[in-house]
Amino acid sequence: MPELPEVETIARNLRLGTSEQPTLLGETISSGMVLWEKTLAYPSIPEFSVNITGQHIEDITRRGKYLVILMGDATLLFHLRMSGDLVVEQAGERIATHHRLLLNLESGLRLAFNDPRKFGRVWLTPNPEMVLGELGPEPLDEQFTAADFFQRLHQKHRQLKPLLLDQKFLAGIGNIYADEALHLAYLHPLMPSDMLSLQQADVLLTGIRQVLQEGILRNGASIDWVYRGGDFQNYFRVYQRTGEACFRCGTPIQRIVVGQRGTHFCPSCQLSPDSSV
DNA sequence: CACGAGACCTGTTCGC
DNA sequence: TGCGAACAGGTCTCGT
């Protein structure tokens, strides 16, 4: 489930607490347990067990789609990939089927990494740049301007959709928000990136920011059996609306496959890929 | 460099 | 009802 708005929501809930659970800031980790070996990307399980014990949780943030837990002399990083989730529960609770890694806390709570598809990964390192170093800019960073975006678009000759999904190009955008942003910007997913005008780049960046902020405002999107309480799925303009009417022009939304990802767009009001207008 | 296919995994939904 | 295929919010690696 997790793109930028979903990870932001999870980070915020762990940082500030919710009606269901207290904040994890100030907690001390009494022990860690790895239930699926490949979930731990770094370091080795023995090193992890030693180094995680006794760490204090100082802050919980996000970078791209990574959830970042800052702990004094180390940083814990989670990438939720397709099906990962973080849940706070009582330490004595039965370990759910899809839990892959557990952090027991001194308060008697437990932070569990739940991940049915086992694609998610966890890192514990003194140097988070080893994981985050290659990421592109944060789309919501005000320092990142339309002119910057235009320049990056023109450094490449790539189809817009796969480029937006490239985390080295921009950090945090996934399949839902890419489709939604392209629709808002009236741009075809196959349009070459270096064909955009400065004005179009500006409109696209604005669209990206709008959908990400809407997603965050609605606590992310909840799809299928993976439910987190967000409701942005009720406000999709194109994603998973194949055959339904475009809200702008009434044309049925079309689904194609681009870079092996389902891609949804309006064939009428999203400019054709070779349009120079 | 850009792109497509295959891999990694499990679960749900669709079509016959 | 049953069963295989298609599909799923992500990313890596390999071949062309």
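Just so we're on the same page: letters track the sequence lines, and every chain starts at 1.
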* **A/Phe78 CZ to C/dG9 P, straight-line distance once rounded to whole Å** => 23 Å

* Give the rounded distance in Å between these two atoms: CG of A/Asp115 and P of C/dA8. => 18 Å

* C/dG10 P sits how many Å from A/Leu163 CG, rounded? -> 15 Å

* Within 45° of the six-membered ring axis of A/Tyr186 and under 6.0 Å from that ring's centre, is NZ or CZ of A/Arg248 located there? -> yes

* Hey, is the side chain of A/His79 poking within less than 4.0 Å of OP1 or OP2 on C/dT11, counting only N and O atoms? -> yes

* Using the P atoms only, state how far C/dA5 lies from B/dA7, rounded to an integer number of Å. => 15 Å

* Asked: Out of B/dC3, B/dT10, C/dG10, which has the shortest distance to the side chain of A/Lys118?
  -> B/dT10

* A/Arg152 to A/Phe169 six-membered ring, cation-pi geometry met (6.0 Å, 45°) -> yes

* Asked: Please give, in whole Å, the distance from C/dC12 P to A/Lys65 NZ?
  -> 10 Å

* To do: Measure the distance from CD on A/Gln155 to C1' on B/dC1 and round it to the nearest whole Å.
  => 14 Å

* Asked: At their closest point, which heavy atom of A/Leu212 faces which heavy atom of A/Pro139, and how far apart are they?
  -> CD1-CG, 3.6 Å

* Structure fact -> Rounded to whole Å, the CG-P distance (A/Leu165 to C/dC12) equals 13 Å

* Please state the P separation for the pair C/dG4 and B/dC9 - nearest whole angstrom. => 22 Å

* What's the closest nucleotide to the A/Ile223 side chain, out of B/dC9, B/dT10, C/dG9? -> C/dG9

* Asked: Over how many whole Å does the gap from A/Asp179 atom CG to C/dG9 atom P extend?
  -> 9 Å

* Specify whether A/Tyr177 and A/Phe232 have parallel, tilted or perpendicular ring planes, treating 30° as the upper limit for parallel and 60° as the lower limit for perpendicular. => parallel

* Structure fact -> Heavy atoms of A/Pro162 and A/Pro189 approach each other most closely as CD-O, 4.4 Å

* Tell me the partner of C/dG9, counting only Watson-Crick (N1-N3 plus N6-O4 or O6-N4) or G-U wobble (N1-O2 and O6-N3) with both under 3.5 Å; none if nothing fits. => none

* Asked: Which base sits across from B/dC9 as a Watson-Crick or G-U pair, both distances under 3.5 Å?
  -> none

* Quick one: are A/His154 and A/Ser193 in side-chain contact, heavy atoms under 4.5 Å? -> no

* Asked: If you pin A/Lys156 and A/Gln260 to their nearest nucleotides in DNA chain B, which one's is more 5'?
  -> A/Lys156

* Asked: What distance, rounded to whole Å, do you find between the two P atoms, one in B/dG6 and one in C/dA6?
  -> 13 Å

* Which nucleotide sits closest to the side chain of A/Tyr239: C/dA8, B/dC9, C/dG10? -> C/dA8

* Check the geometry between A/Phe119 and B/dC8 and answer yes if their rings are stacked (centres below 5.5 Å, planes below 30°), otherwise no. => yes

* A/Arg117 side chain near C/dA8 phosphate (N/O to OP1/OP2, under 4.0 Å) -> no

* Asked: A/Lys38 side chain: which of B/dC9, C/dC7, B/dA2 is closest?
  -> B/dC9

* **Short side-chain N/O contact to C/dG10 OP1/OP2 from A/Arg261, under 4.0 Å** => yes

* Asked: Can you tell me how far P of C/dC7 sits from NE2 of A/His264, to the nearest Å?
  -> 10 Å

* To the side chain of A/Gln167, which of C/dG10, B/dT10, C/dT11 is closest? -> C/dT11

* Is the shortest side-chain N/O distance from A/His98 to OP1 or OP2 of B/dG11 below 4.0 Å? -> yes

